[in-house]
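Accompanying notes for the structure given below.
Every number for a ligand or one of its atoms is a count from 1 in the order of the listing.
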Amino acid sequence: MATATATASRKRLFIDGQWVDAADGRTLGVINPATEEVICEIAYGGRKDARRALEAAARAMPAWMKLTAWDRAKVLKKTADLMRERLESIARTLTMEQGKPLPESRAEINHSADTFEWFAEEGKRAYGQVIPQMKTINRHMTIKHPVGVVAAISPWNFPITLQSRKIAPALAAGCTIVSKPASQTPLSLVQVFECMIEAGLPPGVANLVVGPAQELGDEFLENPICRKLSFTGSTEVGKMLMKGCADQMKRVSLELGGHAPFIIFPDADPEAGAKIAVTGKFRNNGQVCIAPSRFYVHKDVAKNFTEAVVEGAKKLKLGNGLEDGVEVGPMFEKKALDNTVDLVDDAKKRGGKILSGGKRSDRFDKGYFFEPTVLTNVSGEMKLMVEEPFAPVMPVLDFSKLDDVIRAANNTRYGLAAYVFTNDLTVAWKMAEGLEAGIIGINEPVPAVPQCPFGGMKESGMGRELGHEGLEAYLETKYVAIRLRD
Ligand code: NAP
């Protein structure tokens, strides 16, 4: 656990409409991965704080769910407006706590503001149905009902986006929520909460707790007030939480890990494909759940593609994300850096050939910088082909036949995203149908917009965020049966 310097400022938890210290007074230092310095202290709560937050959310829910969707939308829309107004300030915080370069932080905040705005509107479309009867005396319909108090747990790689995908639809549906961001990236979310408060958030409707994951998680699982757990994070923790939800039959949504294939067909320009591949792979240092992490290139264009990605990777400017022109920041934490070193060492031991990068950058005295890496001579048993890599490493393999590459791409326990680069509609369509992934990008390196469903197949998760499905995740369907008088 990091300790804060005397100069670091201090942020608090937000429970029942108040900024508060942790019940037992604990705090945690948040570290800037570019400088390894503590930039701020945050109150670090425990079960007692999580319980207070759940109780506040339960008290707030009856009045919040009784508001019309139009009234709830006002708070969400105003939040979006304030996030855009405060873009620069929030972006600096996000870069300092997470490491990503400022342009990526701005993009994250804009996407999150769009998410708030979109769910403000979509909440108005929580339609039920009138269903035709079999007997003249009956009438049947469905109406929608909020699932109840939600607990939302998210990781560090997109601290604002991943909470926005939970908070916005939950509130739009009439639920109330307790948000638990990753311990090391709570600060930008604090600023989003400030926007929500100024937008008119009633006390208790959204609460923010930070603290040891297991402690808070146990309270969410064991306290019957919590009716739904929405989790984004690793497959391992997701499975554990899903088991924990079974005891009280809590609703659960799981957005988990991925290992996305990126497939380049010979009909398309390999250099253009390489540009997209470099953008998609090295965004946020590859620490993205939908990051492409296995590159299958048709043998006819493999040489040109590989040369172009190596050139692209070498040109990327590495540095502190606050500086102008920086395209790749530090990795998020020492553990992530060590894991990347380990993956690359393992690949080298198994015959992998490094074409660019391959090591921790020696240009910096401080910070967790790893050089963008491209490697070939890749084999299926390398760790980076089996485990989710979450690293700035691009393994390049070649293929000849469409059916073979579909088989190779699907040969994983994950099924979150997959990418195809082609101009041939038939190929694109066969790939979209054949690939086992919840999200498919055709010539599109960042397939994530508020209005389309986002989520995984297989061990990449359960349920969808965003899109109308993202609202449905916070709604129960009630069947109302009416018998008329004769
Ligand atoms: P993680 O270890 O599963 O942590 C994610 C969140 O869960 C953090 O808030 C963490 O809290 C909390 N947590 C950890 N153990 C817990 C427990 N026993 N009970 C309750 N909460 C617990 O994941 P990570 O390694 O930090 O994040 C990266 C993973 O997230 C990758 O696998 C990535 O693919 C996945 N991800 C998925 C999506 C998607 O949409 N599918 C998006 C982004 C990331 P602390 O921070 O306090 O430990």
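When each of Lys348, Arg360, Lys383 is paired with Asp342, the salt bridge (charged side-chain N to carboxylate O under 4.0 Å, His left out) condition holds for Lys383 and for no other.
Heavy atoms of Ser460 found under 4.0 angstrom from ligand 1: none, in either backbone or side chain. Residue Leu241 touches ligand 1 through its side chain alone, judged by heavy-atom distances below 4.0 Å. Of all the heavy atoms of Gln287, none lies under 4.0 Å from any atom of ligand 1, so neither backbone nor side chain is involved. Counting heavy atoms closer than 4.0 Å to ligand 1, residue Phe220 contributes nothing at all.
When distances from atom 4 (O) of ligand 1 to the protein are checked, no heavy atom turns up under 4.0 Å.
With Gln184, Glu333, Lys180 as candidates, the residue nearest to atom 45 (P) of ligand 1 on a non-hydrogen basis is Lys180. Taking only non-hydrogen atoms, the option from Ala448, Ser234, Ala291 nearest to atom 2 (O) of ligand 1 is Ser234.
Inspection of the Glu97 and Ser188 side chains reveals an N or O donor paired with an N or O acceptor under 3.5 Å. Ser154 and Thr232 share no side-chain donor-acceptor pair at under 3.5 Å. Thr161 and Ser112 are linked by a side-chain donor-acceptor pair at a separation below 3.5 angstrom, with hydrogens and angles left out of the test.
In terms of protein heavy atoms, atom 42 (C) of ligand 1 is closest to Cys289 SG, 3.0 Å. Nearest protein heavy-atom contact of atom 20 (C) of ligand 1 is Ala213 O, 3.4 Å. Looking only at heavy atoms of the protein, atom 41 (N) of ligand 1 is closest to Leu256 O, 2.8 Å. For atom 46 (O) of ligand 1, the closest non-hydrogen atom of the protein is Ser183 N, 3.0 Å. Here the heavy atom of the protein found nearest to atom 28 (C) of ligand 1 is Phe390 CE2, 3.7 Å. Protein heavy atom at the shortest distance from atom 32 (O) of ligand 1 is Glu388 OE1, 2.6 Å.
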From CA spacing to verdict: side chain to side chain contact (heavy atoms under 4.5 Å, CB included), Thr35, Phe364: CA-CA 9 Å; Thr35 62; Phe364 305 89; over 6 Å; no

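A donor-acceptor distance shorter than 3.5 angstrom exists from the side chain of Lys228 to the backbone of Ala473, with no hydrogens or angles considered.
Short contacts between ligand 1 and Val237, defined as distances under 4.0 Å to a heavy atom of the residue, involve ligand atoms 3 (O), 15 (N), 16 (C), 17 (C), 22 (C). Those atoms of ligand 1 that come under 4.0 Å of a heavy atom in Trp156, given as number and element, are 24 (P), 26 (O), 27 (O). Taking a cut-off of under 4.0 Å to the non-hydrogen atoms of Phe454, the atoms of ligand 1 that pass are 40 (O). The atoms of ligand 1 that sit less than 4.0 Å from any heavy atom of Asn157 are 43 (C), 44 (C). Each of the following atoms of ligand 1 lies closer than 4.0 Å to a heavy atom of Leu162: 42 (C), 43 (C).
Within 6.0 Å of atom CE in Met242, 12 or fewer heavy atoms from other residues, nucleotides or ligands are found, so the atom counts as exposed in its surroundings.
Within the cation-pi definition used here (under 6.0 Å to the ring centroid, within 45° of the axis), Arg294 does not qualify as a partner of Phe262.
Look at Gly461 and you'll find every heavy atom at least 4.0 Å from all atoms of ligand 1.
Taking both residues in full, the closest heavy atoms of Asp114 and Pro450 are given as CB-CG, 3.7 Å, listed atom of the first, atom of the second, then distance.
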